[in-house]
Amino acid sequence: MTLRQPNSFVGRPVERIEDLRFLRGKGFYISDLSRPNQLHAVIFRSPEAHGRIKRIGIERARALKGVHAVIIASDLGPTPPHIPLRLQPLPELVPFHQPMLAFEKVRYVGEPVAVVVADTAAIAEDALELIELDIETLPAITGRASAEAAQSVLFEGHGSNEALVWTAVRGNADAAFAKADLIIKDTFRVQRHAAMFMEPRGFVAEWQADTQRMQVWGAAKVAWANRRILATALQIDEHAIDMFELDVGGGFGSRGEFYPEDYLIPAAARIVGRPVKWIEDRREHLMCANHARDIECNVEMALSKDGLILGLRGMSYSDNGAYLRTNGSVGPRNISQFMSGPYKIENIHLQTTMLTTNKTPSGTFRGPGRFETDFVRERLIDLAASQLGMDRAVIRRKNLVRDEDMPYPLATITPYESVTDLDSGDYPAVFDLCMTEFGWAEKSALAGKLIDGRYHGIAIGSFIEGGAAGPKEDARLVLELDGTLTVYLGSSAVGQGLQTIMTQITADAMEMPFDQIRVLHGSTSHVKDGFGSYHSRSTVMGGSAILLAAEKLKDKICEAGAAALGCAKEQVLIDGQTVRHGDRSVSFAGLSPEPIDVEASFFNKKYTYAYGTQAAHVSVDPGTGHVRVHEYLSVEDVGRMINPLTLHGQAIGAIVQGLGGTFLEHLIYDENGQLQTGSLADYLLPTASDFPKIRAITLELKPSPNNPLGAKGAGEGGIIPVGGIITNAVANALSSLGVEPMELPLSPSRVWKLIDDARKRIV
Amino acid sequence: MKLSPVRYAAPTSVEEAVALLATCDAKIISGGQSLMPIMAFRLASPELLVDLKKIKGLGDIVLDSEGLHLGAKVKWIEIETDVRLKTAHPLLTKAIEHVAHYQIRNRGTVGGSLAHADPASEMPAIAACCDAVISVVGSGGLRKINAADFFVGALQTRLEPDEIIVKILLPPWPATRRWGFQEFSRRRGDFALAGIAAYFDVEPDGRATNAHIAVFGASDYQRRLTGAEAELNGKKPTADTFAAAARAAAAEVDPPSDIHAPADYRRALVETLTGRALADANR
């Protein structure tokens, strides 16, 4: 018997197998797909933020040459179907579900009112101009003040613009505040912004009248959940629908959630009896895909005089937009539950009110709720350190949760009750490493200094990143007749390198070479069920399911090998791609007359918590308010790394996205609820040259005890503390002026205004 | 974001183009870098696009005793890569570096920028700063318009609907001239929130003279700031002089407000950038 080195693909910087295709221009996106005899759909969207629909005149549009159908709500039944919540599906949120087409009222600019189906998209857009929408305008609710003043309410049946209150409780906050030496209290705001992936959304749908089957291309993220929603809305069996995933350039929480178009395009295909294609344009994306953040937090922190954080208390207000869509309550819930972050804060009473307003509905965007709360918490800690005269690093390190405290329960959230524990970690060790790598002691000399006309500042802060949402994920392994292996997954690829990661895990688990493994994902026909890619779950959940399936498959292979070799299953062993008994062996290829097919599910209800510390060095130009990021460092422990190369890229990308949210990205509405940022000339994204010096270090210190890989959901998290850390660095730079920003984004005009106001105060 | 139906013509002479412009609601297209996005948003739906691409002779860069002649079809990339201009008109080349992005500079044209008259554009700022003369041809023949008269408001010029810009003349540039160019935008290549193009000459006694300071981005249209120039002319170019000129510049602009920058911030930028442009000039 020859000695073989076991495979060790996991943990190695394997180059992405996806890239060869992408770099050769062989990627295949929804826009690349066309079906024979296909028509094109364009959506007529509400031009007004709030009003009652008096009349929709579609006759002129319908009469335009090349137009095949104009569909309005009344074509969809007595009441159009609504989009249910996928996460936290509370019955009290049912009144806020979005109808697939505006019904009786319009509630935001961009809300779908009609679908035009025509020979070309250009003809359909010409037809849009012929649709007459008669609206009785109602006052637009555009923020907390107008929501509470309730000059109008979005849902008259509910009676107010407050949809629901989340409450997170731990210990006794009031008692902690009563005995505090210092209470820091302020109002913090994080602006509305959103995921902006490479290419906007799109669908092609085709209805087979003879077999009564629906095919939908353009699925992403959560194909199985969306199939159930679509089946209910179309009133057909979910197994009569096939959903197909194509290549996508990023999801970030937004792509792949169920939007009205997820139903409207299949419904249109069924109505016109021909394949229908719809490609969202960027303007539509900005006004129709989920928005995020948009939060105001009135929060206070209680401390002892030696800098121990005793409690957190307060109210936050989440501007959720016009409807609560599939995952609209995740962010607001997280605001309350995760505000304590990696710090041992024993007493918490935090509430978040979800407000309905006449703006685009919101949903998750990378680090939902966490980006916002980290801004609030890290600002509060710096403000407290300043009041106490304590070093900002010392006060943080002192309050970090310790390894011996694990599992450490976070505040319990209601009404959709959820209990979660920090799973493992050496938080102080990572903090110390970040300080050393950053050169905190040396750079401290720069703090507040004016050098060549710019004020320099530094900041440091820690964060946790939740991952691995349950309840389960499925994997199916098939040993093909030629001895190669096919992996079918319920996880989906949104640009995160899923194929590479899963091939690594499979290659190690099955001791097979990389090129003998094929990973297929994202089609509802592959596995019975699937939960998809969100909450940094794919690697942990899908990867663990592969490990379980591999054990099953090896068992079946041994069984088949034993049968072929004429011995007992216990007498054989797998050696490379053969089954061996003594000196006789049989190859995987041709092992059995049928492919060997196994399926396994990994069940898990416990989240993983990757964690880390980040630090920044910035300088501020007082003449323009411009902030330059000189250095940004992230140090994160992910338990176990599957692929350092892809994870490193995602860590850097997450930080850049966080810097975008800190400085640039802002969805601005006017007082009439009109979106002012309808193009990428006004909605500003960070570009490749904006933030050149970012470093990310990833560690494997403390594996997660909650899954067989020991991995923690990661790659999403780099974004989480960026807003808080950068703002603290700006405050540090401007400390001689006493500037304390409480609101994002740190646009140059805002920073300049803070400086100008401070100078006027000083004079 | 599909265009409304539109007809298209590509005449071979200026006269033919002028004739087409008079027939209906027509727009000239050359690089298309401003017009096409506007049409894609259906903010403009002209009946006819008159493409200048087949018209010869509008794309020359000529240096002679009159100064620097730029044909209307000269592209930004051609200015950037013309080695003569780095000394013949350094202020122009510096300004053009700030025009949008590489891909846009490969197509965008001098004439298109002047005709579009975006308040945040660099070329109109150079035209205003340098007292350029803009040549236009219409049904009435050729006429020459001083830059100071050409720009009249945001996206508004003295150009008649049937007129085409054929060239712009920048007066000769002495080698000893002091100049500075400062622009502030949210990101590299974005529209300027404010910008200043400035130059002055120095008398043998060391005093500044012939000061030209033009604003863009923080004004309805590109124009010279005569109050600021007056603070500079006849004075020694010192930090104090520049500060006074910068204050005067801020005082004489009436900036617009938008989502990226309120008026008071733009005014502050004008002061900062004027001071910096003059300091650059003094190096």
Side-chain angles (χ1 to χ4, degrees), chain A residues 40 42 64 66 118 120-129 200 279-285 453 621-626 660 663-670 674-691 745 747-757 759, chain B residues 1-6 33-34 36-43 45 100-104 118 120 182-196 217-218 239 242-243 246 250 255-277 279:
Chain A
H40 296 263
V42 164
L64 187 71
T120 67
I123 293 173
E125 286 195 21
D126 293 344
L128 292 187
E129 296 179 353
I279 301 294
E280 180 182 61
D281 66 33
R282 187 63 71 178
R283 182 163 164 269
E284 287 183 292
H285 179 80
D621 176 353
T624 62
H626 177 259
F663 290 116
L664 296 166
E665 301 184 42
H666 193 180
L667 292 157
I668 300 171
Y669 282 85
D670 71 10
Q674 292 289 339
L675 183 65
Q676 303 292 290
T677 47
S679 82
L680 295 185
D682 286 321
Y683 186 84
L684 307 178
L685 291 168
T687 61
S689 59
D690 285 326
F691 305 111
S747 59
S749 61
R750 172 168 288 143
V751 173
W752 170 81
K753 182 83 166 65
L754 288 166
I755 294 169
D756 193 50
D757 289 349
R759 282 178 169 161
Chain B
M1 289 197 201
K2 312 285 183 216
L3 312 187
S4 300
V6 62
Q33 297 303 291
S34 299
M36 290 310 289
I38 291 171
M39 290 178 64
F41 276 107
R42 298 193 176 208
L43 296 172
S45 298
H101 303 277
Y102 179 76
Q103 292 84 345
I104 292 170
D118 190 298
Q182 287 276 334
E183 173 174 334
F184 187 76
S185 56
R186 296 290 304 269
R187 299 168 306 179
R188 178 90 197 170
D190 280 342
F191 289 108
L193 300 185
I196 293 290
F242 296 159
S257 275
D258 65 24
I259 57 170
H260 297 297
D264 59 345
Y265 172 61
R266 279 199 159 92
R267 180 174 285 111
L269 280 179
V270 166
E271 181 169 344
T272 296
L273 300 179
T274 303
R276 288 178 187 178

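In what follows, every chain begins at residue 1, and chains take the letters A, B, ... in the order their sequences are listed. Computed from heavy atoms alone, side chains included, the values below leave out hydrogens, waters and symmetry copies.
If you measure heavy-atom distances from A:Arg282 to chain B, the contacts under 4.5 Å come from both the backbone and the side chain. For B:Arg42, the part sitting under 4.5 Å from any heavy atom of chain A is the side chain, from C-beta outward, and nothing else. Interface residue A:Leu684: backbone and side-chain heavy atoms are both found under 4.5 Å from chain B. For A:Glu284, no part sits under 4.5 Å from any heavy atom of chain B, backbone or side chain. At a 4.5 Å heavy-atom cutoff, B:Asp258 makes no contact with chain A through either its backbone or its side chain.
Under the 4.5 Å side-chain criterion, counting only non-hydrogen atoms from C-beta, B:His260 is not in contact with A:Ser747.
Of the possible polar contacts, one joining the B:Arg186 side chain to the A:Phe663 backbone as a donor-acceptor pair under 3.5 Å is found. In this structure a side-chain-to-backbone donor-acceptor pair under 3.5 Å is present from B:Arg187 to A:Leu685.
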Is there a side-chain contact (heavy atoms from CB on, under 4.5 Å) between A:Thr624 and B:Arg276 once you walk through the steps?
-> CA-CA 11 Å; A:Thr624 62; B:Arg276 288 178 187 178; 3.8 Å; yes
A:Asp281 and B:Lys2: CA distance, side-chain angles, deciding distance, side-chain contact (heavy atoms from CB on, under 4.5 Å) verdict = CA-CA 10 Å; A:Asp281 66 33; B:Lys2 312 285 183 216; over 6 Å; no
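For chain A, the option among B:Ser4, B:Ala194, B:Ala261, B:Pro5 with the highest count of heavy-atom pairs below 4.5 Å is B:Pro5.
In this pair, A:His626 and B:Phe184 present their aromatic rings perpendicular. The plane angle is above 60°, beyond the 30 to 60° band.
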